[in-house]
Amino acid sequence: MCTVCGCGEGETKIEGEAQAHTYVHAHAHEHASLLQGRPHAHAGRMVQVEQDILAKNNQYASANRSHFAEHGLFALNLVSSPGSGKTALLTRTIARLKGKTRIAVIEGDQQTSLDADRIRATGVSAVQINTGKGCHLDAQMVGHAVAKLALADDSLLLIENVGNLVCPAAFDLGEAHKVAILSVTEGEDKPLKYPDMFAAAEVMLLNKVDLLPYLNFNVPLCIEYARRINPYIRVILTSAVSDEGMAEWQEWLETGLKQAAARKANEMDALKRRVAELEAELKSVRGER
Amino acid sequence: MHEMSLAEGVLQVIEDSAKINGFSRVKTVWLEIGELAGVEVEAMCFCFDAMVKGTLADGARLEVVATEGQGHCLTCGEIVHIRLRYDPCPLCGGHPVEPFGGLEMKVKELEVE
């Protein structure tokens, strides 16, 4: 961490390469000489700001979102606590979709490229982001990773966030949806304990359901808790081991992919129509001369 | 949650504003933090003090204006005050209460020189 301002200089690594200082703070002591002789305001001047604290991240997120829309990419932000079985679920999902869909994965972890290695072993491309001391992915990191992936149009982009049920809730990455993964080994009250994450998610995958016979996990109560926080959350019970629920999850993904591709095609058609109109206009103007 | 990142966000907003409004020192920062935004104000102040060392906001005072958590009860249909996102409706005891107020995290105003 930068010892002067505490911003995580050089901690974020994408595929092992250190990223430039994600945001350079102007330190007053360095810039003091530049300010000399300039007119400056009187003490106590008030400045209205009215800016969201996460404005910078939100700007990067909306740039990512437009990029995804232009290319028909269906991007999902997968969030959970560590050990919920995200990566196993991903490799199983990839095995089911491979051959039908182009897929790429962005893996977020504090350290190691173990998860990206597991994904690459399935034959799809993956980029590992190491956040160092950071507890979540942010939109700028994802933008860099997307540039590295060189994704084909109409792909499925799965972003596996850092295992953490708190911080990733607040950081928009530009995804279409957040998907919260909760495993039945964790306790049914997680949605109440970490409400922000479940409020932000479109879907909750209740994972590792093959273990239910060995646990005292109350599935209906867990779903009731989740709906208390987010009445619209869709719940799918899944297991990467027994394959339970994987067909429903796959169907949800394929619907999302189709919608993303259709939206892109509609926009392309609209653009083509506009170009044709403009060309016709130009022609008529030239003809009049 | 992640108050260090939020403190960094505050500093970014201040620095952007400094470029636009041409100031070199910040004395007071007014934040608007909603009751349901999930921000621990004490942790936020601690992180902010550490984050702004050596910057134009070094030593700046952080003032937090809290906004009330408001929700719409889907059971009784009333608009009610809630302190936590998953609180039941104080009128009918029902769930869920859909929050719409008190979610903000904003830099409102700066006292600068």
Side-chain angles (χ1 to χ4, degrees), chain A residues 1-8 22-32 34-35 38-58 133-136 138 164 166-171 191-196 198-199 224-225 227-232, chain B residues 1-33 36-39 44 47 50-58 74 84-88 95-99 103-113:
Chain A
M1 192 186 287
C2 164
T3 51
V4 184
C5 66
C7 52
T22 48
Y23 188 83
V24 184
H25 300 298
H27 295 290
H29 51 90
E30 292 163 7
H31 293 212
L34 297 174
L35 295 164
R38 285 197 189 174
H40 57 269
H42 296 291
R45 175 160 70 106
M46 300 303 290
V47 174
Q48 296 284 326
V49 183
E50 295 289 343
Q51 271 258 26
D52 195 290
I53 292 177
L54 297 175
K56 210 90 193 173
N57 184 71
N58 293 340
K133 290 193 182 66
C135 49
H136 56 268
D138 66 38
N164 176 352
V166 187
C167 312
F171 289 81
L192 296 186
K193 290 177 172 170
Y194 302 96
D196 293 325
F198 294 88
E224 194 216 306
Y225 286 158
R227 296 230 161 102
R228 236 187 241 185
I229 304 302
N230 178 353
Y232 311 107
Chain B
M1 62 181 179
H2 54 81
E3 277 70 13
M4 204 68 183
S5 299
L6 295 182
E8 191 174 7
V10 173
L11 183 55
Q12 286 176 2
V13 171
I14 293 173
E15 289 182 338
D16 286 352
S17 171
K19 277 181 216 149
I20 299 163
N21 297 297
F23 55 83
S24 57
R25 200 97 210 129
V26 178
K27 291 171 77 180
T28 315
V29 180
W30 277 273
L31 301 181
E32 186 176 84
I33 306 282
L36 307 179
V39 178
M44 176 83 178
C47 292
M51 183 63 77
V52 298
K53 287 258 175 328
T55 73
L56 78 172
D58 197 344
L74 297 188
L84 288 167
R85 202 188 264 271
Y86 51 92
D87 267 0
H95 279 287
V97 178
E98 229 178 3
L103 298 158
E104 30 309 89
M105 292 194 274
K106 263 202 243 167
V107 181
K108 272 200 84 72
E109 216 173 353
L110 304 172
E111 186 191 4
V112 302
E113 58 182 32

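Letters A, B, ... are given to chains in the order of the sequence lines, protein chains preceding strands, and every chain is numbered from 1.
Note that CZ of A/Arg228 is 15.0 Å distant from CZ of B/Arg85, once rounded to the nearest 0.5 Å. In this structure, CD in B/Gln12 is found 11.0 Å from CD1 in A/Ile53, a value given to the nearest 0.5 Å. Distance check, rounded to the nearest 0.5 Å: CE of A/Met46 to CD of B/Glu111 gives 5.5 Å. Considering OG of B/Ser5 and CG of A/Asn57, their distance stands at 9.0 Å, rounded to 0.5 Å. Here the NE2-CD distance, from B/His95 to A/Glu224, works out to 7.5 Å after rounding to the nearest 0.5 Å.
You'll find the side chain of A/Val49 stays beyond 4.5 Å of the side chain of B/Asn21, heavy atoms only.
Using a 4.5 Å cut-off between heavy atoms, B/Ile33 touches chain A through its side chain atoms alone. Heavy atoms of A/Tyr225 lying under 4.5 Å from chain B are absent altogether. A/Phe198 does not touch chain B: none of its heavy atoms, backbone or side chain, sits under 4.5 Å away. In this structure, chain A has no heavy atom under 4.5 Å from any part of B/Glu32. Of the atoms belonging to B/Ile20, not a single heavy atom falls under 4.5 Å from chain A.
Taking a cutoff of 4.0 Å between a charged side-chain nitrogen and a carboxylate oxygen, B/Lys108 and A/Glu50 qualify as a salt bridge.
Between B/Ser17 and A/Val47, the shortest heavy-atom contact is OG-CG1, 3.7 Å. When every heavy atom of B/Leu74 is checked against every heavy atom of A/Pro231, the shortest pair comes out as CD1-CG, 4.0 Å.
Partner of A/Gln51 under the side-chain contact (heavy atoms from CB on, under 4.5 Å) criterion, chosen from B/Asp16, B/Val13, B/Val10: B/Val13.
Annotation: maximal heavy-atom pairing with chain B below 4.5 Å, among A/Asn164, A/Leu192, A/Ile229, A/Leu54, occurs at A/Leu192.
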